[in-house]
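First the structure, in the form of structure tokens, and then the observations on it.
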Amino acid sequence: MSQQVNITLPDGSVRTYDSGITIKQVAESIGKKLGKDAIAGIVDGADTAIDVHTPLTKDASLKIVTVKSEAGLPVVRHTTAHLMAMAVQKLFPGTQVTIGPAIDNGFYYDFYREQGPFTPDDLPKIEEEMHRIAKQNVAMVREVVTRDQVKERFTKMGERFKLEIIDAIPANDTITVYTLGDWPDVCRGPHVPDSSWLKAFKLTSVAGAYWRGDERNPMLTRIYGTAFWTEEELAKHLEVQEEAKRRDHRKLGKELDLFFFHPYAPATPFFTEKGARIYNGLVDFIRSYYGPLDMGEVITPQLTDSELFKTSGHYANYKDNMYFAQIDEREFGMKPMNCPGHMLMFGHAKHSYRDLPIRMADFGRLHRYERSGVTAGLTRVRSFCQDDAHLFVREDQIGEEIRLQLAMLQDVYAVFGLEMKVQLSTRPEKSLGREPGLTAEERASWDKAWENAEAMLRAALADNKLEFELNVGDGAFYGPKLDFQVKDALGRWFQLGTIQLDYGLPRRFQLSYTNEQSGESTPVVIHRAILGSLERFIGILLEHTAGDLPLWLAPVQARIITINDELLAYGREIRQALEDHGVRVHLDERSEKLGFKIRDAELNKVPVVMVLGAKEREARSVSVRWRKKGDLGVMPLDKAIQLVLDAATVPKPDRAKFVRREHLVGASHS
RNA sequence: GCUCACGUAGCUCAGUCGGCAGAGCACUUCCUUGGUAAGGAAGAGGUCACCGGUUCAAUUCCGGUCGUGAGCUCCA
């Protein structure tokens, strides 16, 4: 009697089959329709779906992926990639194929061509050929082959990149060839059964890409595309792409006159007066938490002797990203991070265990040389400012300190309406305490420190009721870390904040504090940033809000428009009244028609417009027009001011959330 | 850094298969003084990114430099 396997389905039910049953057969056993629609399976919650013909030989959970399902999207995309490669080889004989996976929002296929890369002009032709082939409803046939067979076939075809791929397949893996019509490709699958599913696709761009992502390898030409089950879904996707283009912060930055770039300062923004308002508004907002959190702000040198970076290790590991200046035969380095300076700051005085935690916040400007190809708008720049802080703590204080920082971080993201997810990265193989030459005792002590740190991070997360993803072994060599990603209005994820424990730097700088036993102990450093870089955050926020910033951050909160020039005097009076209440207001004094000035205010996304005519002047009132809401009608000036003030209130931290739980016994300092 | 594309007025973009550089918006001046998304007229504004080459002639063709953008293993 053959062996049995228990297959658990998503609804929790368990079915028993003979070992070796395929996913397809399982689906068929559940229902005729399901059997027909099944195109792949996800076993034991894996990241990628596998082919329906895969035999199941041990107990497993199984999710059957069907046509037209969300989980099946990578499948249809992957098959579309094959279709594209097929079309390309038909149109451009001599082109060699390499790989063509499904990716987050579509797929790509990399080709090698002696004649040089494809151009955007080639895309419509290829697309047309793809549609032509797809309409013939050609089948996708899977066959299991031996290594020798497949090598022989692809050698004959002269596909040298494919041969390399075949050689890279592990010895025990089943090798499969998928043939779409008459076009075979070595592929792991899964795929849709025939080309009738390939209707809603579009080729989006071309780009260069290195073979296997290594810049020493030949440059391939890559074509990107996307595919969906239906044309409606494709259209929706393309519409979101269009919206993203409209919201591009580089475009908004120009249109709203917030910042610009000049060739003399590549990848380094100039913030205009309006842009600087946003920047400073964010700094003030973050700063408002520093009181309740008992954090002190410091200012540290921009340029220091390279010795500092030799001590910190940046000279050995980060030199290529730094700017240097040779002055008086001394080499100075521009700070790429605040931490080395903060180490000096801590080391400058003698500290008692009673003084800890010591929290240094710093809005200093940082300069990092980024390779020319990687800079982009405000999101990747060479000069920026972090809402940075370094917390010097005793080991027993790590948990509480992280808890407080997490509370701030959640608070801050909530203010901007950004959904968040957390990743916990734990000790990597190569890490402090695992270097050769340590005694067993030292090793054990390090192991304990890492264990303790990770446990405290977990506890702090639990305390703040935060779910997290675990990235085992992905921490820094000097300590475990938390990374925070947020989701913007278009559903895109961005990494913003980070909280990293550091056992290394304090040692390099030989920092210590006097412990309770009058001995010396080494503090642990916590690096943390919440917005990350202000520049990048401004970029993300602009795209998230489409330029309609919350009123408290808007560079100009209100604009006053008069019906005619005679009313300018009243306009100035109103401007004065608003200014006196701290409203950032602008009076449009141009001799233009009302409609023109309203339009201009709308295009500039000014949140509140106050329209003044003779009627309003008589009654000492204003007519209020609110962005996105329209005309609110005439109201007394006081009421209008109150309306603006209420909406423009700068969010304030709630002190109660940031009360420290442990208090030092006998600590008498504040 | 590498591949490809792009760089024309403050902005958005035409244009020249090599022969004195164009529009709309914005700006300036004048007229107009008006009720919730563009009133009218006139004017000013450019070393066509920069450097070099080819040519009688280069914004245009070629080479280089700078800048910007997309991409550079989410693995057959």
Side-chain angles (χ1 to χ4, degrees), chain A residues 47-48 74 77-78 81-82 97-108 110 116-121 145 147 150 154 159 161-170 173-178 184-189 204-224 248 250-251 254-255 257 260-268 320 369-377 561-568 590-604 609-616 623-627 630-634:
Chain A
D47 287 341
T48 47
R77 286 172 179 166
H78 192 176
H82 279 237
V97 291
T98 66
I99 60 163
I103 54 173
D104 262 359
N105 283 311
F107 63 86
Y108 67 80
D110 284 346
F118 291 113
T119 68
D121 298 337
V145 294
R147 191 172 295 260
V150 74
F154 282 86
E159 296 284 2
F161 292 92
K162 271 295 170 204
L163 285 168
E164 253 191 72
I165 290 164
I166 295 163
D167 284 333
I169 298 173
D173 282 18
T174 307
I175 300 177
T176 48
V177 170
Y178 282 82
D185 197 4
V186 186
C187 182
R188 180 158 55 189
T204 49
S205 59
V206 294
Y210 299 100
W211 170 233
R212 307 222 138 151
D214 189 327
E215 60 192 35
R216 288 164 303 194
N217 285 339
M219 177 64 81
L220 307 172
T221 174
R222 172 175 296 183
I223 302 178
Y224 281 92
D248 190 315
R250 290 167 296 202
K251 194 162 138 52
K254 228 184 266 182
E255 286 170 0
D257 189 26
F260 64 89
F261 291 87
H262 191 279
Y264 283 171
T268 310
D320 291 347
Y369 171 75
E370 302 280 0
R371 296 163 102 204
S372 59
V374 305
T375 57
I561 295 174
T562 57
I563 300 287
N564 61 44
D565 293 354
E566 265 133 77
L567 287 148
L568 280 173
R590 292 175 296 181
S591 299
E592 294 287 350
K593 291 179 79 163
L594 178 61
F596 178 92
K597 290 191 276 192
I598 295 268
R599 177 181 149 84
D600 190 61
E602 290 287 350
L603 290 176
N604 280 286
V609 174
M610 295 197 182
V611 178
L612 310 179
K615 267 189 304 183
E616 286 80 3
S623 173
V624 177
R625 184 188 161 100
W626 210 276
R627 188 156 163 83
D631 194 348
L632 301 188
V634 180

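Residue numbers begin at 1 in each chain, while the letters A, B, ... track the order of the sequences. From a predicted model like this one, the values you see are computed outputs, not experimental measurements.
Counting only distance, with no hydrogens or angles, the side chain of A:Arg250 and the backbone of A:Ala376 share no donor-acceptor pair below 3.5 Å. Judged by distance alone, the side chain of A:Asn604 and the main-chain N or O of A:Asp600 form a donor-acceptor pair under 3.5 Å. No donor-acceptor pair under 3.5 Å is formed between the side chain of A:Arg188 and the backbone N or O of A:Thr176. A:Thr204 places a side-chain N or O within 3.5 Å of a backbone atom of A:Tyr224 that can act as its donor or acceptor partner.
Heavy-atom minimum distance, A:Val611 versus A:Leu594: CG1-CD1, 3.8 Å. Closest approach of A:Val624 to A:Asp631, counting heavy atoms only: O-OD1, 3.4 Å. The shortest non-hydrogen separation linking A:Leu612 to A:Leu567 is O-CD1, 3.7 Å. Listed here is the closest heavy atom pair of A:Phe118 and A:Thr221: N-OG1, 3.1 Å. Nearest heavy-atom pair, A:Arg590 versus A:Lys597, reported as atom, atom and distance to 0.1 Å: O-NZ, 3.0 Å.
Atom CD in A:Glu602 sits roughly 15 Å away from atom C1' in B:G35 (whole-Å rounding). Rounding to whole angstrom units, CD1 of residue A:Ile561 and P of B:A37 are separated by 10 Å. Between the P atom of B:G34 and the CG atom of A:Leu612 lies a distance of 15 Å, rounded to the nearest Å. In this structure, A:Glu566 places its CD atom 12 Å from P of B:U32, rounding to the nearest Å. As rounded to whole Å, 7 Å separates atom C1' of B:G34 from atom CD1 of A:Ile563. Taking atom CZ of residue A:Arg599 and atom C1' of nucleotide B:A38, one finds them 5 Å apart after rounding to whole Å. Residue A:Leu632 contributes atom CG, which lies 15 Å from atom P of B:U36 at whole-angstrom precision. For the pair A:Trp626 CH2 and B:A37 P, the interatomic distance rounds to 18 Å; values are reported in whole Å.
Using a 4.5 Å heavy-atom threshold, the side chains of A:Lys162 and A:Asp185 count as touching. Using a 4.5 Å cut-off on side-chain heavy atoms (C-beta onward), A:Phe161 and A:Asp110 make no contact.
Nucleic acid contact class of A:Glu592 (heavy atoms, under 4.0 Å, all strands): base.
Checking B:A37, B:G1, B:C4 against the side-chain heavy atoms of A:Pro117 singles out B:C4 as nearest. When each of B:G35, B:U33, B:A37 is scored by its nearest atom to the side-chain atoms of A:Ser591, the top-ranked nucleotide is B:U33.
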Could you write out RNA chain B as dot-bracket? Rules: Watson-Crick or G-U wobble, both distances under 3.5 Å, brackets [ ] for crossings, | for pairs with another strand, dot for unpaired.
(((((((..((((.....[..)))).(((((.......))))).....(((((..]....))))))))))))....
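For A:Glu616 against B:G35, a side-chain N or O and a base N or O form a donor-acceptor pair under 3.5 Å.
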Letter by letter from the 5' end, nucleotides 67-76 of chain B scores (B base, S sugar-phosphate only, - none; protein heavy atoms under 4.0 Å) SSSSBBBBSB
Find every protein N or O atom lying less than 3.5 Å from an N or O atom of nucleotides 24-26 of chain B, and list the pairs.
none

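Judged by the 6.0 Å distance and 45° axis criteria, A:Arg77 is not positioned over the aromatic ring of A:Phe107.
Residue A:Glu370 places its CD atom among more than 12 non-hydrogen atoms of other residues, nucleotides or ligands, all under 6.0 Å distant.
The separation of B:G10 from B:C17, taken at their C1' atoms, amounts to 32 Å, rounded to a whole angstrom. Look at the P atom in both B:G43 and B:U59: the space between them is 28 Å, to the nearest Å. B:U60 and B:U16: their C1' atoms are spaced 6 Å apart (whole Å). As rounded to the nearest Å, B:C25 and B:G39 have P atoms that lie 11 Å from one another. Using atom C1' as the reference point in both B:U8 and B:C50, the two lie 14 Å apart (nearest Å). Rounded to whole Å, the separation between the C1' atoms of B:A70 and B:A14 comes to 24 Å. Here the separation of B:U65 from B:G71, taken at their C1' atoms, is 23 Å to the nearest Å. B:C62 sits 24 Å from B:G69 when the C1' atoms are compared, rounded to a whole Å.
Residue A:Lys597 has no polar side-chain atom (N or O) positioned under 4.0 Å from OP1 or OP2 of B:G34.
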